[in-house]
Amino acid sequence: MTDERLALLYPGSAVELCALAHSGPFQLLVATILSAQCTDERVNRTTPALFARFPTAETLASADVAEVEALIRSTGFFRTKARNLVAMATVLVERFDGRVPEDLTELVTLPGVGRKTANVVRSVAFGLPGLPVDTHVLRVSRRLGLTERTDPVGVESDLDRLVPARRRGVFSLRLILHGRATCRARRPRCRGCAFGDFCPSTSMAESCNRCD
DNA sequence: ATCCCGAGGG
DNA sequence: CCCTCTGGAT
């Protein structure tokens, strides 16, 4: 089973695998919005100053968008992200009593929050069933032959069938770690991959001069 | 399908 | 120069 082998390769719980898992639902939500098209390392370098200035939904809701822009500029897409962050915090205050909702359909009503971000919050912050499908999860699960589909929602439903509800969050985090370290988008390191005997894409990689 | 957008690697 | 990085909204 792919699940168990991944657990051996990348041991640890969600708290250990996600740097901001301990910081509460609101800060995790903010960090996840910032993480779009941005390395998590840069997000982790950005959030301390942001949370020192705006630690709660209430403070962020009344923030000056230009000040938020300045604080998050290095994460890219900073105008969109800053506008979404303030709007998101405003909706939290006005419609959710300043708290992050647990329900998926409620989460995706928040500005800047799509299905992937909503599943991150659900699984990491609340320990609820949720399997975030990002670019890594999509690519790696397809290469491993866990799904044939190309749309994130379809991939999510296929993976839901393969992984028990309680393990879906960490399963996603482990696929991401594997996608970053080994099953990279451009030059996958198939030679050193622990799934070499199992992965249907490895045979193609053998004759591929782009693979390490 | 396209736009948003900075930073770092090759 | 090129590409990629835990997406979401239009």
Side-chain angles (χ1 to χ4, degrees), chain A residues 6 10 12-23 25 27-47 49-50 65-66 68-92 100 104-125 130-144 146-147 150-156 159 163 168-189 209-212:
Chain A
L6 268 177
Y10 307 97
S13 63
V15 177
E16 299 163 69
L17 295 175
C18 183
L20 286 164
H22 64 280
S23 59
Q27 296 195 354
L28 177 69
L29 175 55
V30 171
T32 307
I33 290 174
L34 290 178
S35 74
Q37 296 298 293
C38 176
T39 61
D40 63 332
E41 182 188 350
R42 179 153 296 281
V43 172
N44 293 145
R45 266 187 272 150
T46 302
T47 48
L50 180 65
V65 176
V68 177
E69 286 182 359
L71 285 167
I72 69 170
R73 170 168 290 106
S74 69
T75 66
F77 297 168
F78 64 92
R79 280 189 276 270
T80 303
K81 287 175 181 176
R83 181 176 1 106
N84 283 336
L85 285 176
V86 175
M88 179 274 290
T90 301
V91 175
L92 282 185
V100 179
L104 186 70
T105 59
E106 289 184 332
L107 281 166
V108 296
T109 66
L110 300 171
V113 179
R115 190 181 184 90
K116 177 258 172 182
T117 299
N119 273 322
V120 170
V121 172
R122 274 177 61 80
S123 59
V124 177
L131 206 160
V133 176
D134 60 20
T135 173
H136 289 302
V137 174
L138 185 63
R139 178 185 70 255
V140 176
S141 58
R142 279 178 54 80
R143 283 179 179 169
L144 283 172
L146 305 181
T147 182
T150 55
D151 61 301
V153 178
V155 171
E156 183 183 330
L159 295 180
V163 185
R168 285 171 193 163
V170 284
F171 179 78
S172 176
L173 287 169
R174 286 172 177 138
L175 277 189
I176 290 167
L177 291 177
H178 190 62
R180 293 202 306 207
T182 302
C183 197
R184 305 181 300 180
R186 269 293 151 154
R187 285 162 61 233
R189 294 166 166 160
N209 55 19
R210 290 183 174 283
C211 303
D212 289 345

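All figures in this text were calculated on a predicted structure; none of them were measured in a lab. Per chain, numbering begins at 1; letters A, B, ... match sequence-line order.
Salt bridge status for A:Arg73 with A:Glu69: absent, with no side-chain N to carboxylate O gap under 4.0 Å.
Of all heavy-atom pairs between A:Val15 and A:Ala21, the closest is CA-CB, 3.7 Å.
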inquiry  = Generate the contact string for nucleotides 1-10 of chain C. Rules: B means base contact, S means sugar-phosphate contact only, - means no protein heavy atom under 4.0 Å.
reply    = --SSBBBSS-
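C:dT6 sits 24 Å from B:dT2 when the P atoms are compared, rounded to a whole Å.
Looking at A:Glu106 and A:Thr109, their side chains never bring a donor and an acceptor atom within 3.5 Å of each other.
One atom, CZ of A:Phe78, and another, P of B:dC5, lie 6 Å apart when rounded to the nearest Å.
At B:dC5, none of the side-chain N or O atoms of A:Arg73 fall inside 4.0 Å of OP1 or OP2 (strictly under the cut-off).
In this structure, the side chains of A:Thr150 and A:Arg142 come closer than 4.5 Å at one or more pairs of heavy atoms.
Residue pairs meeting the salt bridge (charged side-chain N to carboxylate O under 4.0 Å, His left out) criterion with at least one member in residues 168-181 of chain A, sequence neighbours excluded: A:Asp40-A:Arg180, A:Asp160-A:Arg168.
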